[in-house]
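Every number for a ligand or one of its atoms is a count from 1 in the order of the listing.
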Amino acid sequence: HADIAMYHAKEHGRNNYQFFSEDMNATLTRKVQLESGLRSALANEEFLLHYQPQVDSASGEVTGMETLIRWRTADGTLVSPAEFIPLAEETRLILPIGEWVLTTACRQAKRWHDEGHRHLKLAVNLSPLQFLDASLMEIVRGALEKTAFPASSLELEITEGVAVYDAELAIARMEALRDLGIGIAIDDFGTGYSSMMYLKRFPVTNLKIAQPFVQDMETSPADKALVATMVSMAHSMGMSVIAEGVETLGQLESLQALGCDEIQGYLFSRPLPAEQFTSMLKNGLPHPSRA
Ligand code: C2E
Ligand code: MG
Ligand code: MG
Ligand code: MG
């Protein structure tokens, strides 16, 4: 960094040098602050979970929910998982954080089961590091035992990327999870590497069509064709399909026509705190309408 800064200083004079280095400092400072914040966030109970309903596209019934982590720092700011999950991966803090997510979400979902919503499935995101770490099976079994949540109601979401690191290990992990009765969803399907290659060998139960395809399917015939292909391919391989990021009634109608099994997106609901999700279960989802 010093070399680059020196180069700028020489080429453009002193003012430019200061500008450049302040910019770099700001980014670095932000990262260092986030990292030290992350280290104490679990102990300080700064993480919380939101739950986004997944809806049967034919009946409109809530079939389950995906849990999404939120981080509210001591000063009240919300940090997006898109910002801190990569940092948590880099520092391996994702392991204890991920264990907390799994246990907390299973405990909450067990409550909803006990309140009479026994059909609800819980989907939990796993980052590649979590999925491939040697501790995974122990952590998953531990969370299920501690909370008495049934394995058959749990679905773990991974991305296609895990196959790139070590396909054999990924397959062994998926088989071990499947043997416990846990479902495996491929998240953001179509955006990573190796979409087709590995699917055949992976014991995957659910495909999540990534938001960009869904967003463009009304305006782009190519995207609509891709979605149609993903749905029929998944079905012919015995998988269930869910579309992510569904925001409009037009998208819903197209997905229904293509036979997509489930829908997740702002059209039905944003991710909700547990208490709001509970009221939603009681009162039902509002019918989606044209804005
Ligand atoms: P993801 O698993 O693909 O989650 C879907 C993201 O899309 C969520 O963003 C959700 O709030 C957002 N979303 C849902 N419906 C709509 C919609 O209709 N329109 C738009 N524009 N967005 C929608 P979020 O909560 O910010 O999470 C971002 C990513 O962070 C997740 O993507 C996931 O990869 C990661 N993440 C979140 N929670 C966890 C966690 O507990 N563990 C791990 N390892 N990763 C997590
Ligand atoms: Mg599901
Ligand atoms: Mg996900
Ligand atoms: Mg996704």
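- Backbone and side-chain nitrogen or oxygen atoms of I69 are examined, and one is located within less than 3.5 angstrom of a nitrogen or oxygen of ligand 1.
- Short contacts between ligand 1 and Q130, defined as distances under 4.0 Å to a heavy atom of the residue, involve ligand atoms 44 (N).
- Side-chain N or O atoms of D166 include one that pairs as donor or acceptor with a backbone N or O of L169 at under 3.5 Å.
- The aromatic rings of W71 and F84 stand perpendicular to each other, their planes meeting at an angle above 60°, with 30° marking the opposite boundary.
- Of all atoms in ligand 1, listed by their number and element, those nearer than 4.0 Å to a heavy atom of E247 are 17 (C), 18 (O), 19 (N), 20 (C), 21 (N).
- Shown in contact with Q52 at under 4.0 Å from a heavy atom are these atoms of ligand 1, numbered in order with element: 14 (C), 15 (N).
- Ordered by chain and number, E66 OE2, N125 OD1, E157 OE1, D187 OD2 make up the set of protein N, O or S atoms under 2.8 Å of the Mg ion (ligand 3).
- A donor-acceptor pair is defined here as one N or O able to donate and one able to accept, closer than 3.5 Å; no such pair exists between the side chain of Q52 and the backbone of L68.
- Residue pairs satisfying the ring pair (Phe, Tyr, Trp, His ring centres under 6.0 Å) criterion with at least one member in residues 133-158, sequence neighbours excluded, are listed as follows: H113-F149.
- The distance from ligand 1 to the heavy atoms of D187 drops below 4.0 Å at these ligand atoms: 1 (P), 2 (O), 3 (O).
- Close contacts between ligand 1 and P271 involve ligand atoms 11 (O) [criterion: under 4.0 Å to a heavy atom].
- Each of the atoms 41 (O) of ligand 1 lies under 4.0 Å from some heavy atom of V101.
- Taking 4.0 Å as the cut-off, G245 counts as a neighbour of ligand 1 on heavy-atom distance.
- V79 places a side-chain heavy atom less than 4.5 Å from the side chain of L34.
- Against a heavy-atom cut-off of under 4.0 Å, E244 is close to the following atoms of ligand 1: 3 (O), 5 (C).
- When heavy-atom distances to ligand 1 are checked against a 4.0 Å cut-off, H50 has no atom that comes that close, whether in backbone or side chain.
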